[in-house]
Amino acid sequence: MQCSVLAIALLASLSGHALDMEAGAAIHFARHNADLPMITRLVKQAGLTSWRTSLVWAAIEREKGHYALPARYARVLEQAREAQARGQRPLLLLGYGNPLYEKGGLVTTEEARQGFAHYAHWVATQMKGVVRYYEIWNEWDVGFGSTTQPRSIGSVRDYAALVRAAAAAIHQVDPDAIVIAGGATNEDSHWFEAFARTDALSAINGVSIHPYNYGKPSWGHTPDAAMAWVDQVERMMAKASGHPVDMYVTEIGWPTSTRGYSEDAVAEYLTRFMELAKASKQVRGVWWYDLIDDGSDPDNREHRFGLFRQNGEPKPAALRMAEFNR
């Protein structure tokens, strides 16, 4: 009852004024079963100002120096153009490695870095005037993108070098693009501290972060705890750079799986987190993970992060997101 009262009060405080931060969600346009008309409808229903999706390097450059969008990625460009025409501001995630340049899925050599930069340059050329945000890689700190067994964890130094090369390539094409990087999770403050010690911050426009904390005991799994970590990282980055740092929460969510959280609880958490993010002076956007449930198994945590069910029915969290974005 107390949570409901709090949620209502928070929502009431938002009415009558425009948001000054992006409110988006992750979308998997490239999946073979992606229902594009339904996705468009749900984005509008939730009142989202942005969405986040990926363009995978290895799928675009299959022969060195030759770039093309296969059908499943051509739809990303089409959807981005339509979103831009509706006043939305898409975010593109650029990754991962390409076996034409380096095995293992990561980017650690100069040849691979230059190859990645050329791919980023090509994508920015196709998307100029359509896409506002670019994010370099996803969760490098936990080895996302690695194809080895066990998964390899790349160094912060290699990531920083990749970020500098890719950001320069994007800004050469589109100086107005907002390029963000970081994308670390697991409350890995040490990783962000090491990243701050590189000179990569001077090449980008902001820092991305994934403050997941579901499943932690006591207070540790709450929206307040998640935002506390975002604030901690921002202070660390500000100290390292000598100025405030714009923060972008490019993934956040709590699963509604059998052993996860109730749908009503996640709705309360969404309301609280979005209000905390809006109250922050440095958070520029929040992209919920994700728009639609990824599968039909109620016991599978990864299948139950959506704002909407697979058939497009809204969960309570989707209704709260729509209220927030009015």
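All residue numbers refer to positions in the sequence shown, counting from 1.
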For the rings on [X] and [Y], is their centre-to-centre separation under 6.0 Å?
{"X": "W137", "Y": "Y159", "answer": "no"}
{"X": "Y214", "Y": "W254", "answer": "no"}
{"X": "W51", "Y": "Y133", "answer": "no"}
{"X": "Y261", "Y": "H221", "answer": "yes"}
{"X": "W140", "Y": "F195", "answer": "no"}

- [ ] Apply side-chain contact (heavy atoms from CB on, under 4.5 Å) to the pair L94 and Y119, showing each step before the final yes or no.
- [x] CA-CA 9 Å; L94 301 183; Y119 139 76; 3.5 Å; yes
Open item on the list: Does the Lys NZ or Arg CZ of K315 fall within the cation-pi geometry relative to F308 - under 6.0 Å from the ring centre and within 45° of the axis?
Closed with: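 Cation-pi check for K315 and F308: fails.
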[Y] and [X] side chains, donor-acceptor separation under 3.5 Å:
{"X": "R301", "Y": "S257", "result": "no"}
{"X": "E61", "Y": "H66", "result": "no"}
{"X": "Q232", "Y": "S189", "result": "yes"}
{"X": "E263", "Y": "T256", "result": "no"}

Open item on the list: Donor-acceptor check, side chain of Q282 to backbone of V245, threshold 3.5 angstrom: yes or no?
Closed with: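 Present.
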Open item on the list: Rounded to the nearest 0.5 Å, what separates atom OG in S54 from atom CZ in F29?
Closed with: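 The OG atom of S54 sits 11.0 Å away from the CZ atom of F29.
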- [ ] Please test W57 against F116 for ring pair (Phe, Tyr, Trp, His ring centres under 6.0 Å), starting from the C-alpha separation and ending with a verdict.
- [x] CA-CA 7 Å; W57 177 22; F116 190 98; 5.5 Å; yes
Task: R157 atom CZ, neighbour heavy-atom count above 12 within 6.0 Å - done: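 Counting neighbours around CZ of R157, 12 or fewer heavy atoms of other residues, nucleotides or ligands fall under 6.0 Å, so no.
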Open item on the list: Run D224 and F273 through side-chain contact (heavy atoms from CB on, under 4.5 Å) and show every step you take.
Closed with: CA-CA 7 Å; D224 298 76; F273 187 85; over 6 Å; no
